[in-house]
*Asks:* 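Submitted below is the structure of interest, expressed as structure tokens.
If you read the sequence from its start, that first residue is 1, and numbering goes on from there. All ligand and atom numbering here is 1-based and tracks the order in the structure.
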Amino acid sequence: MNIILLGAPGAGKGTQAEVISDRLGIPTISTGNIIREALKTGTEMGLKAKSYMEAGQLVPDEVVIGIIKERLAKDDCQNGFILDGFPRTIPQAEALDKMGIAIDKVIDIEVTDEAIVKRMSGRRVCEKCGASYHMEYKLPQKDGVCDKCAGTLVQRKDDHPDTVKARLEVYHKETEPLKDYYEKQNKLSVVEGQDTVEHTTALILETVEA
Ligand code: ADP
Ligand code: ZN
């Protein structure tokens with residue numbers, strides 16, 4: 001199954017993607033994680049993306065479309081995948097359609113802006129593997145340490161409140177129109193983000209397994 005997770009930054013796409021990925025045995029592809037990785041290793045693409053990302057703006061379409069094309073061509077995607085953070089603009093969605101990639105389901109996780117601003121301050125990510133945690137909703141077993149790889153948990157620069165506001169603006173302007181785009185293709189399911197990760201997961205699995 002080929003799945004897209006939509007939703008504002010901080011709606012819990014990454015966390016939910018990991019759960020569905022385990023459940024269905026298909027990989028999660030997060031453009032945010034791929035870009036952060038490139039930034040860390042200092043590739044040309046990483047350098048290009050840096051200023052956009054740190055300002056909470058979108059990286060240019062042609063850059064992320066190139067990333068996705070390359071990633072989806074790999075063997076592990078042939079039985080399905082979950083896209084987390086792509087597409088984020090109409091041209092990106094159109095590029096996916098043009099690649100001839102059939103999307104089965106688009107799950108939109110709805111969370112209010114107010115809740116997002118609150119949530120983002122508690123978010124932490126693993127410096128090493130990119131896994132995400134939350135100081136209230138998804139604690140690691142050991143304080144400040146990644147459960148998966150023992151890497152150090154840090155706060156992302158772009159999770160600073162001012163940058164979060166910029167990211168939400170970009171989301172409403174550029175990404176939210178995708179709901180309409182996929183509604184017209186009859187692929188959209190809307191899930192209300194719940195108070196706990198598990199409750200949201202249950203709703204998403206219902207949708208996926210329907
Ligand atoms: P979140 O979903 O929490 O906002 P991501 O990790 O998905 O965070 O993305 C972080 C940043 O990476 C975005 O703010 C943007 O700069 C860049 N980025 C990730 N995916 C895309 C995309 N599909 N198009 C453009 N920029 C992207
Ligand atoms: Zn880790």
*Asks:* Are V170 and Q57 side-chain neighbours, meaning at least one heavy-atom pair lies under 4.5 Å?
*Replies:* yes
*Asks:* State whether a side-chain donor-acceptor pair under 3.5 Å links D97 with Q185.
*Replies:* yes
*Asks:* With the threshold set at 4.0 Å, does a side-chain nitrogen-carboxylate oxygen contact exist between R71 and D76?
*Replies:* yes
*Asks:* Between the main-chain N or O of K179 and the side-chain N or O of E183, is there a donor-acceptor pair closer than 3.5 Å?
*Replies:* no
*Asks:* Which protein non-hydrogen atom lies closest to atom 26 (N) of ligand 1, naming both residue and atom, and how far is it?
*Replies:* V59 N, 3.0 Å
*Asks:* Closer than 4.0 Å to some heavy atom of V64 - which atoms of ligand 1 meet that?
*Replies:* 21 (C), 22 (C), 24 (N), 25 (C)
*Asks:* Does the N or O separation between G85 and ligand 1 drop below 3.5 Å for any pair?
*Replies:* yes
*Asks:* Can you tell which part of R123 has a heavy atom less than 4.0 Å from ligand 1: side chain, backbone, both or neither?
*Replies:* side chain
*Asks:* Looking only at atom types and distance, does a side-chain atom of K105 sit under 3.5 Å from a main-chain N or O of K187, one as donor and one as acceptor?
*Replies:* no
*Asks:* Name the one of R124, K165, R167 that satisfies salt bridge (charged side-chain N to carboxylate O under 4.0 Å, His left out) with D159?
*Replies:* R167
*Asks:* May I ask you to list the protein N, O or S atoms found at less than 2.8 Å from the Zn ion (ligand 2)?
*Replies:* C126 SG, C129 SG, C146 SG, C149 SG
*Asks:* Does I3 reach the side chain of L24, with side-chain heavy atoms less than 4.5 Å apart?
*Replies:* yes
*Asks:* Taking heavy atoms and a distance under 4.0 Å, where does R156 meet ligand 1: side chain, backbone, both or neither?
*Replies:* side chain
*Asks:* Within this structure, what is the CD-OG distance for the pair E18 and S132, rounded to the nearest 0.5 Å?
*Replies:* 5.5 Å
*Asks:* Give, for atom NZ of K69 and atom CD1 of I67, the distance between the pair rounded to the nearest 0.5 Å.
*Replies:* 13.0 Å
*Asks:* Identify, for atom 5 (P) of ligand 1, the protein heavy atom at the shortest distance, and state residue, atom and that distance.
*Replies:* R88 NH2, 3.7 Å
*Asks:* For atom CD of E114, decide whether the heavy atoms of other residues, nucleotides or ligands shown that lie under 6.0 angstrom number more than 12.
*Replies:* no
*Asks:* Which heavy atom of the protein is the closest neighbour of atom 1 (P) of ligand 1, given with residue, atom name and distance?
*Replies:* R167 NH2, 3.2 Å
*Asks:* So, do L72 and F81 sit near enough that their side-chain heavy atoms are less than 4.5 Å apart?
*Replies:* yes
*Asks:* Taking atom 12 (O) of ligand 1 as the point of reference, which of M53, R36, K13, Q92 owns the nearest heavy atom?
*Replies:* M53
*Asks:* Within the 4.0 Å heavy-atom shell around I35, which atoms of ligand 1 are there?
*Replies:* 17 (C), 18 (N), 19 (C)
*Asks:* Is there any N or O on T31 that sits under 3.5 Å from an N or O of ligand 1?
*Replies:* yes
*Asks:* Looking at atom 15 (C) of ligand 1, what's its closest protein heavy atom, distance included?
*Replies:* Q57 O, 3.5 Å
